[in-house]
Amino acid sequence: MDRKSDEPMNQKKTKTEKARERALLWRFLRGSKGWFLLSMVSAAVTALADMVSPQIVRAAVDNALGGKTANLPAFAMRLAERAGGWAYLGEHIWIMALAILAVAAVKVAAQYTFRVSNTRGAETLTKTMRDALFRHIERLPYAWHSQHRTGDIIQRCTSDIETLKSFVSEQMTSIFRIVVLLALSLTFMLGMNWKLTIIAMLPVPYIILRSVHFHGKIGKAFLDCDENEGKLSDIAQENLTGVRVARSFGQERRERERFEAQNEYYTGLWMKLARPLAQFWSLSDVLSGVQIMLIVVFGSVFCLRGEMTAGEYIAFLSYGAIMTWPVRMLGRMIAEMSKAGVSMDRIAYIMEAEEERETGRSLKPEMDQDIVFENVSFRYTAEGREVLKNVSFTVPAGTTLGILGGTGSGKSTLMLLLDKLYELPEGCGRITIGGVDLKDIETAHLRRNIGMVLQEPYLFSRTIRENIAITDETMSLDAVREAAKAACLDETVMDFAKGYDTFVGERGVTLSGGQKQRAAIARALTQHTPILIFDDSLSAVDTETDAKIRAELERRFGSATILLISHRITTLSKADQILVLDRGEIIERGDHATLSKAGGIYQKICDIQSSSVGEVGA
Ligand SMILES: Nc1ncnc2c1ncn2[C@@H]1O[C@H](COP(=O)(O)OP(=O)(O)O)[C@@H](O)[C@H]1O
Ligand SMILES: [Mg+2]
């Protein structure tokens with residue numbers, strides 16, 4: 001559970017990084033911008049309505065009832081004239097009440113529009129982000145996937161997206177609304193009494209500055225929480241996937257303890273946050289109280305001195321009360337924004353990972369040609385050890401190459417390189433098919449023409465038929481069965497009650513290792529590729545079936561170029577050419593007849609295997 005050092009998490013963002021992230025967010029906002037714009041306009045209208053009703057109350061108290069002519073804006077005076085003049089309004093005060101009701105109706109309509117447009121915007125945004133992430137992740141190189149933890153990636157695609165969504169749909173719109181509200185109330189208050197405005201506004205900058213400071217401090221803690229949540233889901237995910245191993249080795253307790261330890265640590269992180277958060281909120285509460293108190297005290301004094309009317313006093317108190325919420329919210333929104341910054345980093349980290357790209361000339365040569373490895377050397381990481389050392393061999397078209405070698409000798413690496421799942425760096429040799437450098441062959445074309453059965457076959461949670469016909473949903477059952485027959489799987493499947501429609505994996509049948517391997521072989525065979533790779537794909541199949549499958553392969557795919565990795569001599573013996581690989585180097589090569597008498601490792605393994613009863617006669 002070590003921390004990934006390659007993730008640019010804790011560093012301060014540079015300007016270009018920030019600009020890139022902004023551009024990315026802008027890209028995500030495609031399709032939802034309009035909704036957010038509408039929601040902001042409605043938020044502004046709501047804020048305006050909030051500001052207007054205290055003014056109506058003020059006019060009712062001062063102008064209509066108090067008989068004074070306070071400095072109302074010209075349009076308000078004209079409106080009052082048209083309604084019959086202040087005296088008339090004073091006698092019919094219900095008209096003023098109706099005006100308040102009308103403003104409230106406008107506010108309700110604006111709020112309704114806000115909710116609808118905001119939700120639409122938020123959901124559209126989430127969908128766009130999810131799609132973009134998934135599409136991108138699918139195109140990331142295999143090397144990237146093998147370096148990153150699934151739990152962490154999934155967390156970035158779920159909770160980080162949620163955080164970003166609420167950043168745009170809640171924090172951004174709220175901050176906009178708060179700023180509008182503050183600006184409007186400042187304007188209205190200044191229009192009534194500038195001295196009391198300054199006094200009322202005194203605590204506001206302090207509250208805002210404190211929250212900004214607070215958000216700076218708390219950001220790091222949120223980051224920690226997020227990373228540890230990822231680790232927690234990692235443990236959970238790993239255990240769900242490996243449930244059989246955990247059970248059969250009686251590891252439940254240890255795994256539970258591991259989970260509980262991480263869970264406790266994670267919970268503790270949030271707990272630790274509780275105190276500063278509570279302090280922050282309490283202080284904000286106190287400051288808001290102080291603000292109201294200032295208005296009450298100084299407002300009374302100004303009223304008594306005749307510098308202010310009763311209506312203005314009431315309006316001031318309303319503004320003070322209206323502002324309490326937004327000013328405090330501003331702090332919270334800024335605090336939440338720091339979470340969004342973190343999530344943005346984490347999503348940008350994925351989005352900025354380079355997709356698999358065509359670097360060469362994207363040629364589409366015929367693939368039923370000779371495969372040549374020329375002085376291929378390879379290491380997975382710059383600091384890592386050399387996994388392949390100066391490997392050279394040729395597989396003539398239509399022949400079978402057998403590869404024997406201990407675990408970790410680099411057999412799978414050879415195949416991954418041939419499938420361009422890892423890029424061969426400059427100066428590390430050359431792989432060619434029909435004389436064309438692999439770099440210049442279009443990746444999709446290459447992979448379409450290579451049928452690869454991996455060491456650890458993976459079946460999706462679908463039916464057997466869907467698993468075999470993975471490349472083509474419309475494949476006929478006959479074609480599926482044809483491939484399954486070649487892989488010696490047909491009989492087994494026909495024994496299942498639902499045959500090829502049997503569901504595999506979770507909530508379906510669990511296939512044995514050998515059955516899975518055969519399904520994977522059948523899957524590769526459906527494609528009728530000119531190149532076939534079997535990476536230890538017969539290891540879980542008994543010797544007899546192994547022989548049958550090989551015979552079938554020979555019969556049906558005589559023309560294909562086959563690369564066969566196995567630790568079973570019987571599997572390899574019919575190959576036209578056999579390589580023995582040891583720690584990344586080819587130490588023996590030749591056909592079975594030669595190698596089995598050469599006195600090397602091959603002969604030794606040959607002797608061991610032919611004397612063991614299980615392998616005889618296969
Ligand atoms: N993604 C990887 N990153 C770093 N090292 C790796 C990676 N995959 C394999 N290796 C290392 O490369 C060596 C060769 O691996 P591999 O080709 O899978 O061997 P084989 O298939 O012969 O068992 C092993 O030492 C293995 O630990
Ligand atoms: Mg391997």
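We count ligands from 1, going down the list as the structure has it; atoms in each ligand are counted the same way. Note that the structure is predicted; figures quoted are calculated from it, not measured.
No heavy atom of Q147 sits closer than 4.0 Å to any atom of ligand 1. For the pair G410 and ligand 1, a heavy-atom separation below 4.0 Å is found. Residue contact check for ligand 1: G405 places no non-hydrogen atom closer than 4.0 Å to it. Taking 4.0 Å as the cut-off, G406 counts as a neighbour of ligand 1 on heavy-atom distance.
Atom CZ of R448 sits in a crowded spot, with more than 12 heavy atoms from other residues, nucleotides or ligands closer than 6.0 Å. Around the CD atom of E252, the shell of radius 6.0 Å holds more than 12 heavy atoms that belong to other residues, nucleotides or ligands.
For the pair R346 and Y349, the NZ or CZ position fails the cation-pi test of under 6.0 Å to the six-membered ring centre and within 45 degrees of the ring normal.
Looking at D535 and K411, no side-chain N of the basic residue comes within less than 4.0 Å of a carboxylate O on the acidic one, giving no salt bridge. Taking 4.0 Å as the cut-off between side-chain N and carboxylate O, R258 and E255 count as a salt-bridged pair. One finds a salt bridge joining K165 and E162 here, because a Lys/Arg side-chain nitrogen approaches an Asp/Glu carboxylate oxygen to under 4.0 Å. K420 has no carboxylate O lying under 4.0 Å from a charged side-chain N of E423, or vice versa, which leaves the two without a salt bridge.
Ligand-side atoms of ligand 1 in range of T407: 23 (O), range being under 4.0 angstrom from any heavy atom. Short contacts between ligand 1 and R385, defined as distances under 4.0 Å to a heavy atom of the residue, involve ligand atoms 13 (C), 24 (C), 25 (O). Every atom of ligand 1 with a heavy atom of Y422 under 4.0 Å away is listed here by number and element: 1 (N).
Listed by chain and number, the residues in a ring-ring contact (aromatic ring centres under 6.0 Å, His included) with F28 amount to none (sequence neighbours excluded). Annotation: ring-ring contact (aromatic ring centres under 6.0 Å, His included) contacts of Y380 (sequence neighbours excluded): F378, Y422.
The side-chain hydrogen bond (donor to acceptor under 3.5 Å, both in side chains) with Q155 is formed by just one residue from the set E229, E227, K231, R149; it is E229. Of the options L572, I578, I569, L404, a side chain to side chain contact (heavy atoms under 4.5 Å, CB included) to L595 is made by I578 and by none of the others.
For the Mg ion (ligand 2), the count of nearby protein N/O/S atoms, taking only those under 2.8 Å, is 2.
In terms of protein heavy-atom proximity, atom 14 (C) of ligand 1 is closest to V387 CG1, 3.3 Å. Looking at atom 23 (O) of ligand 1, its nearest protein heavy atom turns out to be G408 N, 2.7 Å. For atom 18 (O) of ligand 1, the nearest protein heavy atom (residue, atom name, distance) is S412 CB, 3.5 Å.
Identified under the salt bridge (charged side-chain N to carboxylate O under 4.0 Å, His left out) test for residues 132-141, with sequence neighbours left out: R139-E355.
Of all the listed residues (Y380, F378, Y142), Y380 holds the heavy atom that lies closest to atom 3 (N) of ligand 1. Counting only non-hydrogen atoms, the option in I565, T413, L421 that gets closest to atom 16 (P) of ligand 1 is T413.
Protein heavy atoms are absent from the space less than 4.0 angstrom from atom 26 (C) of ligand 1.
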